[in-house]
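One structure is given here, and the rest of the page talks about it.
Residue numbering restarts at 1 for every chain, and letters A, B, ... go by the order of the sequence lines.
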Amino acid sequence: MPADPSNLEIAAQFDELADLYELDGAVVHRVLAYRTAAKTMRDSTVSIAGLTRQGRVTSLPGIGKTLEEKLVQLLDGGAINASQKLRAKYPPGLLDMTRLPGLGPKRARRLFDELGIESLEMLRAAADGQKLRDVKGFGPKFEASVLPSLAAGVGDRPAQRVLLHRALDVGERIVAALRAHPASERVELAGSARRGVDAVKDLDIIATASDPGALVRALADLDEIEAASAPNDNAGRGRTHTGLPVDLRVVSPENFGNLLQHFTGSAAHNVALRETAVRRGLHVSEYGILDDETGETLCCATEEEVYERLGLPFVEPELRENRGELKPGFVPPRLVTLADIRGDLHMHTVASDGRNTIEEMALAARDRGYEYIAITDHSATHGFGDHVTPDDLERQIERIAEVNARLEGIQILAGTETNILPSGSPDYEDDLLARLDWVVGSIHTAFGTPREEMTKRMVTAIEHPWIDAIGHPTGRKIQRRQPYALDIDAVIEAAARTGTMLEINSAPDRRDLDDVHARAAAEAGVLVLIDSDAHGRARLEHMRWGVTTARRAWLTPEQVANTRPWPQFAALRKRAC
DNA sequence: GCCGTTTTCGGCCCGACTGTTTTCAGTCG
């Protein structure tokens, strides 16, 4: 019997079904119900297939009887009946067409019905032959705009997003430059970058200014901006040299809070926020809060005021994903910050594939204010010429002890990042591991292992007495590599049962565990660890991205192990328990 | 299709922009 589909695979099925229903002309709220449900499934930390089999899937918000039936069809028969019917009715090329700018499901459907256009290629031919203008609602302007879109490949693939650290690198420089402008009063980054998501598609900047027009024009002159336009005195739009769009909105000070809140999003948070407001007779937009009773619109100079006026506790930007932050009874958690971090327990030196020595890493860590670090070079079977044999590790332990004795103000722990072999065992003998202060176990090979086997492999490693923590537990690379097939519930359960810590790896293209899984782990009682996995001293600063993920996971300092001084931390390792 | 501190039925966020239109539907964020 084939393995159950993953949450990601199931969610994709329901997203497709939403698209198909939309093409079929279903009422928008029904389509929206499918999209919302797909997102719930994608974000779920427990197995949707498992919940469905247990008959508990309707306990998830937005999933009722009908969706449950379709889930059962998918699990039992491998497909949803409605999807099969609609796929036969609408060619796959129609869905590609709806991704073109200005061509949504309604208009694509009209072209299909009236001209039989069912692919991007047919659309191109019709635009070339000036056939589109014969259809009601279409004209020469649309025909003219379709050809460049098609030539640019729009519709063929979703737009690539930019990793957060790259987006913020340029975004924070733009904000700093605008703040330095004489006309500026207040400048803040908004949008998904402010929420700290994995990757962004544009940058949103909100400002107040004594001379809005001057500030908007200043955007175009920044070194970071390749091209810019200014539709009016209050809005500028530009593009960085790497093609990242930048939007600048200038607003009057009394409205700053409304606009910042609006443009920080997320869309899901804002929709839920407005729905909550409507129930209280209030209507929220970027211009203010309209009160049904008085007919007055209330402007908010700060974001705090927006939430306060709605009778809600303030929600930190990282939490604004409609994952419970607007539910009654929400108590804002005291989120972990970079300043809470006292040690970094995953880094590499020249002994394996790092660029710096033990001492160089230690001094850089001390400069960052850390109290302790662990040197965790790759292990015996890592390969690529950067493995550390058992003999090498013996010498490395001595070198670490020597530097540790010599350096003041930082404790250096002898550790390893040992490979988890396909069997689930580490690749050093236990007596050698026992001589180390700290052991991270990570998977670096056989990524294609089937889910059940991979889960067993990971759980075996978690149960090993000398493995203190699991590094980058799912192996994902943002936008480049899917996580390996893994039953994350089982991994979290095993970690909680054995007292094994799970890492949030801070490498900006990993951030693994992700926010959803890190939150599930902490809620299950797993101690989460945030590490840089630095391969050079400059990369110690990557800790920031792991902390951002931890904040998106609602984590408090207590839930993050390395916010403690070393003696308290050491006592939390399972070997000490 | 989902859901309930107005509701088990009748709602379900808000506004700007676009291209095509004499008042607006569809798309987008």
Side-chain angles (χ1 to χ4, degrees), chain A residues 14-15 17-41 57-71 80 82 97-111 132-146 149 154-155 159 190-192 200-204 206 231-232 234-235 237 245 247 249 251 255 258-259 261-290 292-293 297 306 310-311 322 326-329:
Chain A
F14 281 91
D15 266 331
L17 187 51
D19 288 344
L20 288 166
Y21 272 136
E22 196 169 30
L23 273 176
D24 204 41
V27 292
V28 291
H29 298 111
R30 186 160 157 226
V31 174
L32 209 64
Y34 278 89
R35 295 238 161 88
T36 311
K39 185 174 165 16
T40 301
M41 296 176 197
V57 76
T58 54
S59 66
L60 293 175
I63 298 181
K65 276 238 153 304
T66 307
L67 273 102
E68 182 181 37
E69 274 171 34
K70 290 184 161 64
L71 277 164
I80 303 167
M97 284 164 59
T98 64
R99 286 187 259 281
L100 284 173
L103 200 59
K106 290 265 182 4
R107 286 159 60 81
R109 174 72 192 281
R110 172 159 275 178
L111 293 180
L132 298 180
R133 63 185 64 179
D134 300 340
V135 180
K136 187 172 158 59
F138 292 82
K141 277 200 177 166
F142 178 76
E143 265 173 4
S145 74
V146 154
S149 297
V154 182
S192 58
V200 309
K201 66 179 186 345
D202 58 15
L203 292 170
D204 292 299
I206 309 297
N232 57 60
N234 296 309
R237 160 161 282 206
D247 279 320
R249 294 279 297 256
V251 65
N255 254 147
N258 299 109
L259 213 71
Q261 196 285 324
H262 175 82
F263 276 98
T264 296
S266 63
H269 175 86
N270 282 355
V271 167
L273 183 81
R274 291 183 202 133
E275 284 171 354
T276 304
V278 166
R279 276 179 239 126
R280 298 172 191 192
L282 302 168
H283 301 271
V284 180
S285 78
E286 64 254 59
Y287 303 107
I289 302 173
L290 171 67
D292 269 343
E293 243 171 68
T297 297
V306 175
L310 296 173
N322 194 27
L326 294 171
K327 289 250 174 73

### Given DNA chain B, 5'-ward residue of the pair A/Leu282 and A/Leu60, judged by closest heavy atom
A/Leu60
### Message
Would you measure the distance from the C1' atom in B/dT8 across to the matching atom in B/dG1 and give it in whole Å?
### Response
15 Å
### Query
Reckon A/Thr36 has a side-chain N or O less than 4.0 Å from the OP1 or OP2 of B/dG1?
no
### Task
May I ask you to decide if A/Leu23's main-chain N or O and A/Arg109's side chain share a donor-acceptor pair within less than 3.5 Å?
yes
### Task
Mind checking A/Val284 for me? I need base, sugar-phosphate or nothing, with any heavy atom below 4.0 Å counting as a touch.
sugar-phosphate
### Query
Between atom CG in A/Asn234 and atom C1' in B/dA16, what is the gap in whole Å?
14 Å
### Message
Just the rounded figure in Å: distance from P of B/dG1 to NZ of A/Lys65.
### Response
14 Å
### Task
Run the numbers on A/Phe14 and A/Ile63 for side chain to side chain contact (heavy atoms under 4.5 Å, CB included), then give the verdict.
CA-CA 11 Å; A/Phe14 281 91; A/Ile63 298 181; over 6 Å; no
### Query
Relative to the 5' end of DNA chain B, which residue comes earlier, A/Leu290 or A/Thr58, by the nucleotide with the nearest heavy atom?
A/Thr58
#### Entry: Stepwise side chain to side chain contact (heavy atoms under 4.5 Å, CB included) check, A/Val278 with A/His283
CA-CA 6 Å; A/Val278 166; A/His283 301 271; 4.0 Å; yes
### Task
Using whole Å, report how far CG of A/Leu273 lies from P of B/dG15.
14 Å
### Query
Considering all heavy atoms of both residues, which atom of A/Val31 and which atom of A/Ala18 are nearest to each other, and what is their separation?
CG1-O, 3.7 Å
### Task
Write down the atom of A/Asn255, the atom of A/Gly288, and the distance for their closest heavy-atom approach.
ND2-N, 4.4 Å
### Query
A/Leu20 CG to B/dG1 C1': how many Å, rounded?
16 Å
### Message
With rounding to the closest Å, how many angstrom separate the P atoms on B/dT21 and B/dG26?
### Response
13 Å
#### Entry: C1' spacing across the pair B/dC9 / B/dC14, given as an integer number of angstrom
25 Å
### Query
What interatomic distance, in whole Å, is found between P of B/dG4 and the corresponding atom of B/dC13?
14 Å
### Query
A/Tyr287 side chain N/O closer than 4.0 Å to the phosphate oxygens (OP1, OP2) of B/dA16?
yes
## Note on the structure
To the nearest angstrom, the CG-P distance between A/Asp292 and B/dC13 comes to 14 Å
### Minimum heavy-atom distance A/Leu67-A/Met41, with the two atoms named
CD2-CE, 4.1 Å
Might you list the N or O atoms of the protein lying below 3.5 Å from N or O atoms in nucleotides 6-10 of chain B, with each pair's distance?
none

### Task
Would you verify whether the NZ or CZ of A/Arg107 falls within 45 degrees of the ring axis of A/Phe142 while also being under 6.0 Å from that six-membered ring's centre?
yes
### Task
Would you mind classifying the nucleic acid contact of A/Pro61 as base, sugar-phosphate or nothing, using non-hydrogen atoms under 4.0 angstrom?
sugar-phosphate
### Task
State whether A/His283 places a side-chain N or O below 4.0 Å from either non-bridging phosphate oxygen (OP1 or OP2) of B/dC14.
yes
### Message
Suppose we define a pair by two distances each less than 3.5 Å, Watson-Crick or G-U wobble; what does B/dA25 pair with here?
### Response
B/dT18
### Message
Regarding A/Leu67, tell me which of base, sugar-phosphate or nothing describes its non-hydrogen contacts under 4.0 Å with the strands shown.
### Response
sugar-phosphate
### Task
Determine which pairs satisfy side-chain hydrogen bond (donor to acceptor under 3.5 Å, both in side chains) with at least one residue from residues 267-281 of chain A, sequence neighbours left out, and list them in order.
A/Gln261-A/Asn270, A/His262-A/Arg274, A/His269-A/Tyr307, A/His269-A/Glu325
#### Entry: Atom-pair distance (CG on A/Leu259; C1' on B/dG15), nearest Å
12 Å
### Task
Using the P atom as the reference point in each nucleotide, state the distance between B/dG11 and B/dT6 in Å, no decimals.
16 Å
### Task
Look at the aromatic rings of A/Tyr21 and A/Tyr34 and report parallel, tilted or perpendicular, splitting at 30° and 60°.
tilted
### Query
Between B/dT20 and B/dA25, how far is it from one C1' atom to the other, in whole Å?
10 Å
### Message
One thing to verify: whether A/Arg30 and A/Glu22 come together as a salt bridge, which I'm taking to mean a side-chain N less than 4.0 angstrom from a carboxylate O.
### Response
no
### Message
Students often get this wrong, so: under 4.0 angstrom with heavy atoms, is A/Ile63 touching a base, only sugar-phosphate, or nothing?
### Response
sugar-phosphate
### Interatomic distance at P, B/dT7 relative to B/dG15, whole Å
26 Å
### Query
Just how far is it from atom CG of A/Asp19 to atom CG of A/Asp24, taken to the nearest 0.5 Å?
12.5 Å
#### Entry: Under 4.0 Å protein heavy-atom contacts per nucleotide of nucleotides 17-29 of chain B, with B for base, S for backbone only and - for none
--SSS----SSS-
